[in-house]
Amino acid sequence: MARYGMLIDTKKCVECFGCRVACQMQNGLPPEEAFIHFYEKETGTFPNVNIQILPVQCQHCENPPCMKNCPTGATYKNKDGIVLVDENKCIGCKYCVVSCPYQARVPNHKTGVVEKCRFCVEEVEKGKAPICVATCVGNARIFGDLDDPNSEISREIIKRKAIPLRADLGTKPKIYYVR
Amino acid sequence: MAWGAIISWYLFLAGVSAGAYLTATYVGKKFPFAQTIRKTGYFLAPPLLAVGTLLLVFDAEAGLKHPLRFIYLLKNFPTSMMTDGTYIISIFLILNTYQGVMEYLGKSVNRWITRLGVIFAIGTAAYTGLLIGVVKSIPLWNTSILPVLFIVSALSTGIAATVLVSTFFNRQACYNLLTVKKIHVSLIGIELLLIFIMLYITGSANEVAYQSVMSLLVGEYSSLFWIGLIVVGLVIPFLIEGIEIYQHGLATKPKYHEISATSSNPSFVPTLITESTVLIGGFILRYLVLAAAMTITLF
Ligand code: SF4
Ligand code: SF4
């Protein structure tokens, strides 16, 4: 039993989309469907403007509204806190799509099943990191067990003062951002 | 938005079905002579709900390909509002089908069954608002006024559908039911009020909510909002029905439920316009609420 989470250091992200492409390959997604979305935000006031790049995917909320609202129970959390969709139970009602504050849900246009980032659970169970972490050229991503105080991620969250997106919503997301 | 026109139809039809059942029950109790309206309401409720539910099924593509999966819809009780709604709608469909069949056979229905039907009709109307009202990530929906608005609109469109169809079968069926018209006009007025209360309160909640509201009032959806919903869907029927009630008052009929022998069909055309515009407005309301939805920002 672990409580897996991720740290994304937006200052190190060079917006190469490598993670998104690798994720699409890993999950067999067509080019127009992706589990990782990029948001850009201008910060600061002219002339000191800064473009902040924010890669967003399923935050594997501890308190996921998508799971609460999913009528079929297709959305569930595994023993390691990874939020998953049982593709044999999902009816494609898209209630999870509207419920997710992070807009992380992606309907599969072939099957109608709604999918999303799965933290590459099959890799993680082999003791490896999700593909987006392994592939990141800027070393912007760290994956690990948030319950283990000695894990790299736990230490780096404290050191770099990483915080989740919109923690005020109470969904307890498990991706921490350095911004 | 992930939910578009199909879900709008679903929310709309479920509301009309609930409203038609309630109209029939009310009229059946208050005006036993008004058989056409009662029958029409009870006959309309089951097919409208069935069609609405079928639309939901069509929108759920993965389920459509594997129909057995729909049984899982009952699983996440009481956590998921959609599961709760599935129970409510299923029970209401059973009750209103029974009521409709008994009406057709000319048999009386145990009044407790009708009462249960009334409860589940209200439940169905409320559910259509609650389904989206509980979605916290979309500020336009996440308000307690929305389910109330949808209940009022369900009643109003239910009356409209029932009266409209009744009029085709029996032109005299409706214009003598002044009470129903008075209720209808009040509902339209309340709806108008609720829409603006909702938009003002929601619009002040946060930036995204404000943008949603603005897209309705002045932005992308403003013509559909002002012309379709406000003018056609609410103001026109409000005025026509209001004038009609006013004129009825002037005519000083001793008892409004007596069928007037002098008037041939004084209110056929106005009735036609009022009730169809109310129905159009009811659909546009659902459509706009879904279309103008925006998810909260992440920054
Ligand atoms: S980010 Fe969205 S999809 Fe992922 S667990 Fe949270 S609510 Fe569900
Ligand atoms: S689309 Fe599938 S996973 Fe999403 S809420 Fe509906 S049944 Fe659950």
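All values reported here derive from a predicted model rather than from experimental measurement. The chains referred to below are lettered A, B, ... by the order of the sequence lines, with proteins before strands, and numbering in each begins at 1.
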Residue among A:V98, A:L165, A:T111 with most heavy-atom pairs under 4.5 Å to chain B: A:V98

Using modelled atom types and a 3.5 Å cut-off, is there a donor and acceptor pairing between side-chain atoms of B:T79 and backbone atoms of A:K68? no

Look at atom CD of A:E42 and say whether more than 12 heavy atoms of other residues, nucleotides or ligands are closer to it than 6.0 Å. no

Part of B:T297 within contact of chain A (heavy atom distance under 4.5 Å): both

May I ask you to decide if A:V97's main-chain N or O and B:W3's side chain share a donor-acceptor pair within less than 3.5 Å? no

Would you say B:S80 and A:Y95 make side-chain contact, with heavy atoms under 4.5 Å? yes

Residues passing the ring-ring contact (aromatic ring centres under 6.0 Å, His included) test with B:Y127, sequence neighbours excluded, are none

After noting the C-alpha distance and the side-chain angles of A:K89 and B:K75, does the key distance pass the side chain to side chain contact (heavy atoms under 4.5 Å, CB included) rule? CA-CA 11 Å; A:K89 276 191 188 162; B:K75 215 178 148 225; 3.3 Å; yes

Against chain B, label A:N88 side chain, backbone, both or neither, depending on which of its atoms sit under 4.5 Å from a heavy atom there. both

Considering residues, nucleotides and ligands other than B:L116, do more than 12 of their heavy atoms fall under 6.0 Å from its CG? yes

Is it the case that over 12 heavy atoms from other parts of the model lie below 6.0 angstrom from the NZ atom of A:K110? no

Heavy-atom closest pair (B:A62 atom, A:C90 atom, distance to 0.1 Å) is CB-O, 3.4 Å

Within-4.5 Å side-chain heavy-atom neighbours: B:D59 and A:K94: yes

If I measure from the heavy atoms of chain B, does A:R105 come under 4.5 Å with its side chain, its backbone, both, or neither? neither

Looking at SG of A:C93 and CD of B:E61, how far apart are the two atoms once the value is rounded to the nearest 0.5 Å? 12.5 Å

Hey, could you give me the CE/CD distance between B:M294 and A:Q103, rounded to the nearest 0.5 Å? 11.0 Å

B:F196 atom CZ, neighbour heavy-atom count above 12 within 6.0 Å: yes

Counting only heavy atoms not in B:Y210, do more than 12 fall under 6.0 Å of its OH? no

Would you indicate whether the side-chain heavy atoms of A:Y102 and B:L298 approach each other to under 4.5 Å? yes

How about NZ on A:K172, more than 12 heavy atoms from neighbouring residues, nucleotides or ligands closer than 6.0 Å, or not? no

Crowded around B:E220 CD? As in, over 12 foreign heavy atoms under 6.0 Å? no

Heavy-atom proximity to chain B below 4.5 Å, by part of A:V56: side chain

Is the number of heavy atoms from other residues, nucleotides or ligands within 6.0 Å of CZ (B:F283) greater than 12? yes

Among B:L64, B:I138, B:L73, which has the most heavy-atom pairs under 4.5 Å with chain A? B:L73

At a heavy-atom separation under 4.5 Å, does A:Q52 approach chain B through its side chain, its backbone, both, or neither? side chain

Is it the case that the side chain of B:N76 and the backbone of A:C70 share a donor-acceptor pair, with hydrogens and angles ignored and the cut-off at 3.5 Å? yes

Quick one: CD1 on A:I91 to CE on B:M82, what's the gap to the nearest 0.5 Å? 6.5 Å

Region of B:I71 that comes under 4.5 Å of a non-hydrogen atom in chain A: neither

With a 4.5 angstrom heavy-atom cut-off, which part of B:K136 approaches chain A: side chain, backbone, both or neither? neither

With only heavy atoms counted, which part of B:I296 is less than 4.5 Å from chain A, the side chain, the backbone, both or neither? both

Which heavy atom in A:S99 sits nearest to a heavy atom in B:S137, and how many Å separate them? O-OG, 3.4 Å

